[in-house]
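Report on one structure; see the data block that follows.
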Amino acid sequence: MARRTKVYEGKAKILYEGPEPGTLVQYFKDDATAFNAKKKEIIEGKGVLNNRLSEFFMVGLNNIGIPTHFLKRLNMREQLISSCEIIPLEVIVRNFAAGTLCERLGLDEGRQLSRPLVEYCYKDDSLGDPLVSEEHIAAFGWASHQEMDEILSLALRVNDFMSGIFYGVGIRLVDFKIEIGRIFESDFQRLVIADEISPDSCRLWDINSGEKLDKDVFRRDLGNLTDAYSEVAMRLGVIQPANSKVAEPRLVK
């Protein structure tokens with residue numbers, strides 16, 4: 001197999017040069033990290049699940065007119081994506097109080113918010129991805145006012161889509177984070193959803209039991225992470241249960 005040129009390696013993914021100009025190959029690793037990579041583990045099968053789940057959401061977003069960098073899945077661990085310039089922000093949408101929001105404001109976990117709350121963090125692992133305001137973003141030129149309006153609109157549209165999808169399979173979308181990229185086409189620039197959308201980047205709770213089906217399983221040592229992600233994938237129809245049987249072919253009279 002020809003040696004590929006690595007463009008970037010993060011905590012959970014590797015980017016390689018793509019087969020065509022303006023494309024990249026995104027490879028999903030089995031690495032699990034938490035607390036800014038202070039906790040690390042290799043969890044077999046995690047990358048495969050995240051690849052399939054991210055494909056599911058990116059295709060769904062593309063189909064309803066929300067642009068993403070996703071082009072197609074190549075195999076069980078890789079997908080072809082459009083190359084884009086990542087805006088150095090994590091865009092976080094919260095529907096219920098959890099995680100650092102509870103720590104900062106002394107809220108009880110699980111409290112429903114009166115409306116979706118959108119927050120921004122500056123992407124810098126060495127600084128712990130600090131929370132920033134739109135004033136910071138404007139002052140340091142990370143995104144223009146027009147881009148911020150579009151980012152907010154994209155984030156809320158993604159939230160509407162994903163909340164409905166998850167609610168339909170008995171899962172509460174507590175919060176999630178996305179990244180936004182700029183794609184340049186001649187003199188035209190557009191913003192797209194980039195990186196990934198998977199249980200790594202969402203908080204997902206079973207609506208009835210409250211069972212956690214996201215990376216908090218790993219963060220809090222609540223069980224097997226692959227089992228949790230597999231449950232999400234099975235409910236969404238992305239994978240079939242291991243004990244499911246393929247129907248025998250039969251003659252239709």
Atom of [X], atom of [Y] and distance for their closest heavy-atom approach:
| X | Y | value |
| --- | --- | --- |
| K29 | R77 | C-NH1, 4.2 Å |
| F28 | N50 | CD2-CB, 3.8 Å |
| C102 | A97 | SG-C, 3.6 Å |
| A194 | C84 | CB-SG, 4.0 Å |
| E17 | V7 | N-CG2, 3.6 Å |
| V25 | R4 | CG1-NH1, 3.7 Å |

Strictly distance-based, threshold 3.5 Å: is any side-chain N or O of [X] a donor or acceptor partner for the main-chain N or O of [Y]?
| X | Y | result |
| --- | --- | --- |
| R52 | A233 | no |
| Q26 | D195 | yes |
| T100 | E103 | no |
| D124 | P130 | no |
| D108 | R111 | no |
| K39 | F218 | yes |
| T68 | V192 | no |
| S201 | S198 | yes |
| D30 | G47 | yes |

Taking side chain as C-beta onward, heavy atoms only, is [X] less than 4.5 Å from [Y]?
| X | Y | answer |
| --- | --- | --- |
| V93 | V158 | no |
| Y120 | M148 | yes |
| L191 | P67 | no |
| K11 | D31 | no |
| P199 | L213 | no |
| L61 | F70 | no |
| L222 | E211 | no |
| I165 | F56 | yes |

Go through the steps for R219 and D216 under the test salt bridge (charged side-chain N to carboxylate O under 4.0 Å, His left out), then give the verdict. CA-CA 5 Å; R219 291 187 187 99; D216 275 348; 2.6 Å; yes

Working to the nearest 0.5 angstrom, can you tell me the gap between [X] [atom1] and [Y] [atom2]?
| X | Y | atom1 | atom2 | result |
| --- | --- | --- | --- | --- |
| L225 | E44 | CG | CD | 13.0 Å |
| L71 | N62 | CG | CG | 8.5 Å |
| L152 | R157 | CG | CZ | 12.0 Å |
| L101 | E109 | CG | CD | 10.5 Å |
| N224 | S230 | CG | OG | 8.0 Å |
| R182 | I86 | CZ | CD1 | 10.0 Å |

Verify the distance criterion only: is there a donor paired with an acceptor across the side chains of E196 and Q79 at less than 3.5 Å? no

Stepwise side-chain contact (heavy atoms from CB on, under 4.5 Å) test for V174 and L204: CA-CA 6 Å; V174 175; L204 306 170; over 6 Å; no

Above 12 or not: heavy atoms from other molecules or residues under 6.0 Å from CZ of R115? no

When you look at CZ of F184, are more than 12 heavy atoms from neighbouring residues, nucleotides or ligands closer to it than 6.0 Å? yes

Hydrophobic clusters here meaning ILVMFWY residues chained together by side-chain heavy-atom distances under 4.5 Å, can you tell me if [X] and [Y] are in one?
| X | Y | result |
| --- | --- | --- |
| L173 | I66 | yes |
| V132 | L154 | yes |
| I137 | L156 | yes |
| I178 | V59 | yes |
| L236 | I64 | yes |

How far apart are the C-alpha atoms of D214 and C202, what are their side-chain angles, what is the distance that settles it, and do they pass the side-chain contact (heavy atoms from CB on, under 4.5 Å) test? CA-CA 7 Å; D214 55 69; C202 305; 5.6 Å; no

When you check the gap from the basic side-chain N to the acidic O, do K13 and E179 get nearer than 4.0 Å? no

Starting from the C-alpha separation in whole Å, work towards a yes-or-no answer on side-chain contact (heavy atoms from CB on, under 4.5 Å) for L80 and E20. CA-CA 10 Å; L80 185 68; E20 302 291 339; over 6 Å; no

Determine whether R203 and D175 satisfy the following criterion, salt bridge (charged side-chain N to carboxylate O under 4.0 Å, His left out), listing intermediate values before the conclusion. CA-CA 5 Å; R203 276 195 175 87; D175 58 37; 3.0 Å; yes

Would you call the rings of Y27 and Y16 parallel, tilted or perpendicular, taking 30° and 60° as the class edges? perpendicular

Do the rings of F96 and W205 sit parallel, tilted or perpendicular, given the 30° and 60° boundaries? tilted

Answer yes or no on whether K46 is positioned over the face of Y229, meaning its NZ or CZ is under 6.0 Å from the six-membered ring centre and within 45° of the axis. no

Residues that R235 engages under salt bridge (Lys or Arg N to Asp or Glu O under 4.0 Å), provided they are two or more places apart: D206, E231

Using the rule given for side-chain contact (heavy atoms from CB on, under 4.5 Å), can you reason through N95 versus S163, listing the C-alpha separation, both sets of side-chain angles and the distance that settles it, and then say yes or no? CA-CA 9 Å; N95 298 307; S163 293; 3.8 Å; yes

